[in-house]
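Order of the sequence lines fixes the chain letters, A, B, ..., with proteins taken first and strands second; residue numbering starts at 1 for each chain.
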Amino acid sequence: MTTDLYAEVQHFYARQMRLMDIRDFVAFADTFTEDGEFSHSPGQLARTRAGIVAELEDFHKRYDNDPLVRRHWFNMIIVDPQEDGSLLTSYYAYVINTRPGVEPQLGPSCVVSDVLVRDAGGQLLNKSRVVRQDRLLLES
Amino acid sequence: MTTDLYAEVQHFYARQMRLMDIRDFVAFADTFTEDGEFSHSPGQLARTRAGIVAELEDFHKRYDNDPLVRRHWFNMIIVDPQEDGSLLTSYYAYVINTRPGVEPQLGPSCVVSDVLVRDAGGQLLNKSRVVRQDRLLLES
Amino acid sequence: MTTDLYAEVQHFYARQMRLMDIRDFVAFADTFTEDGEFSHSPGQLARTRAGIVAELEDFHKRYDNDPLVRRHWFNMIIVDPQEDGSLLTSYYAYVINTRPGVEPQLGPSCVVSDVLVRDAGGQLLNKSRVVRQDRLLLES
């Protein structure tokens with residue numbers, strides 16, 4: 001693997017998650033393929049860009065009366081290029097939650113698994129994302 | 001953008017903030033241009049290397065009787081090269097605060113916006129830095 | 001220094017620490033040279049791959065009755081290539097600890113110093129690692 005690719009993936013995630021954190025869900029969904037899949041919880045799976053937007057809008061309703069700034073941090077990224085040109089990535093993630101008048105809170109620690117592909121212009125896109133919270137590893 | 005540039009920016013920040021965290025404010029200020037600007041709070045702006053040193057010395061007086069190790073973490077860096085050769089960057093940041101006998105504390109979550117330029121030798125320097133705490137986004 | 005090297009080091013750490021976090025200590029020790037040295041506490045030093053495995057197995061016994069997922073985060077990495085081809089690195093680190101039914105906890109903030117070398121195939125390996133917790137800097 002070229003290390004160029006590694007920095008490209010890091011940069012892709014920085015831009016992508018900024019869109020999530022400013023709650024521009026349409027722009028976030030555009031970082032997925034048209035048929036992209038996004039699962040943030042076991043048993044839940046959003047399909048297609050429109051489906052991802054709908055899922056995120058629904059998910060964020062819980063914050064309607066909860067003033068909150070969320071910041072997603074990704075780190076310790078592993079990138080495994082596949083023979084078909086796609087990239088399998090796996091990395092650690094959490095959210096830093098800021099609410100009025102209290103210390104910032106660390107959200108759940110997660111391991112995320114992505115399949116990244118390129119569009120016709122060579123730009124990276126998520127074909128899929130699966131987020132798994134570490135706490136689920138502790139349940140039997 | 002070349003991805004070489006992305007790693008160069010990451011490395012620049014790692015070296016720069018180590019200087020801040022060991023409180024070598026003169027060396028930290030030298031990572032700014034001579035006319036560099038640094039704002040860590042709304043309404044506050046330090047100008048020139050000497051002004052940045054003075055601001056940091058003043059700021060850190062609050063820790064004179066507060067034994068504390070601070071570690072700045074930057075992540076999710078977005079780099080936008082400009083036509084004039086400068087770089088606009090935007091990234092997430094917080095400080096990990098360690099005090100005797102208590103668990104480490106997560107400082108305020110921030111978004112930082114820098115303008116980076118190169119000196120005659122090609123080395124990156126901050127022309128400006130603006131830090132904004134997320135909690136300020138929640139105040140009306 | 002080439003920035004390729006910087007991404008290579010980041011990627012090496014991501015793969016290495018995943019092995020630690022899934023508690024595959026043999027595979028983790030294989031990311032060290034045969035005569036590698038690993039110190040995570042003052043006065044403690046594990047030598048050789050077998051010695052590192054033994055140290056980690058012993059260390060993790062404290063978690064035998066403490067269901068816990070640990071995730072090591074490294075960031076703000078400084079890489080200094082040496083004339084002999086080795087790399088001195090220094091970086092910030094902490095662990096995110098997840099236990100059942102409680103919020104994730106931030107472990108001690110540390111600064112880590114590594115010597116990295118290459119094996120015959122060019123792959124990076126730790127020749128040594130020294131971890132120092134920030135709280136130790138506050139003790140006289």
### Under 4.5 Å from a heavy atom of chain C, the part of A:L137 involved
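For A:L137, side-chain heavy atoms alone lie under 4.5 Å from chain C.
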### Message
If I take atom CG from residue A:L138 and atom OG1 from residue C:T98, how far apart are they, to the nearest 0.5 angstrom?
### Response
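Taking CG in A:L138 and OG1 in C:T98, the distance rounds to 7.0 Å.
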#### Entry: Atom pair CD1/SG of C:I96 and A:C110 - distance to nearest 0.5 Å
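So the gap between those two atoms works out to 11.0 Å.
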Work out which heavy atom in [X] is nearest to a heavy atom in [Y]; give both atom names and the distance.
X: C:F74; Y: A:N75; value: O-ND2, 2.9 Å
X: C:P104; Y: A:P108; value: CG-CA, 4.1 Å
X: A:A93; Y: C:W73; value: N-CZ2, 3.8 Å

### Query
Should we say atom CD of A:E103 is surrounded by more than 12 heavy atoms from elsewhere, each under 6.0 Å from it?
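No, the 6.0 Å shell around CD holds no more than 12 heavy atoms from other groups.
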### Query
Would you say C:N65 has more than 12 foreign heavy atoms packed within less than 6.0 Å of its CG?
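Result for CG/C:N65: open.
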#### Entry: Heavy-atom contact with chain A under 4.5 Å, split by part of C:Q10
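Contact with chain A: backbone and side chain both.
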### Contacting moiety of C:R18, where chain A heavy atoms sit under 4.5 Å
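Both backbone and side chain.
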### Query
Is there a donor-acceptor pair closer than 3.5 Å between any side-chain N or O of C:H11 and the backbone N or O of A:I78?
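Not at all, since once roles are kept as given, no pair shorter than 3.5 Å links the two residues.
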### Message
Only pairs of heavy atoms separated by less than 4.5 Å count here; which of C:M17, C:H72, C:Q16 has the most with chain A?
### Response
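With the most close heavy-atom pairs to chain A, the winner is C:H72.
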### Query
Do the charged groups of C:R15 and A:D80 touch, with an N to O distance under 4.0 Å?
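Salt bridge between C:R15 and A:D80, a charged N being under 4.0 Å from a carboxylate O: yes.
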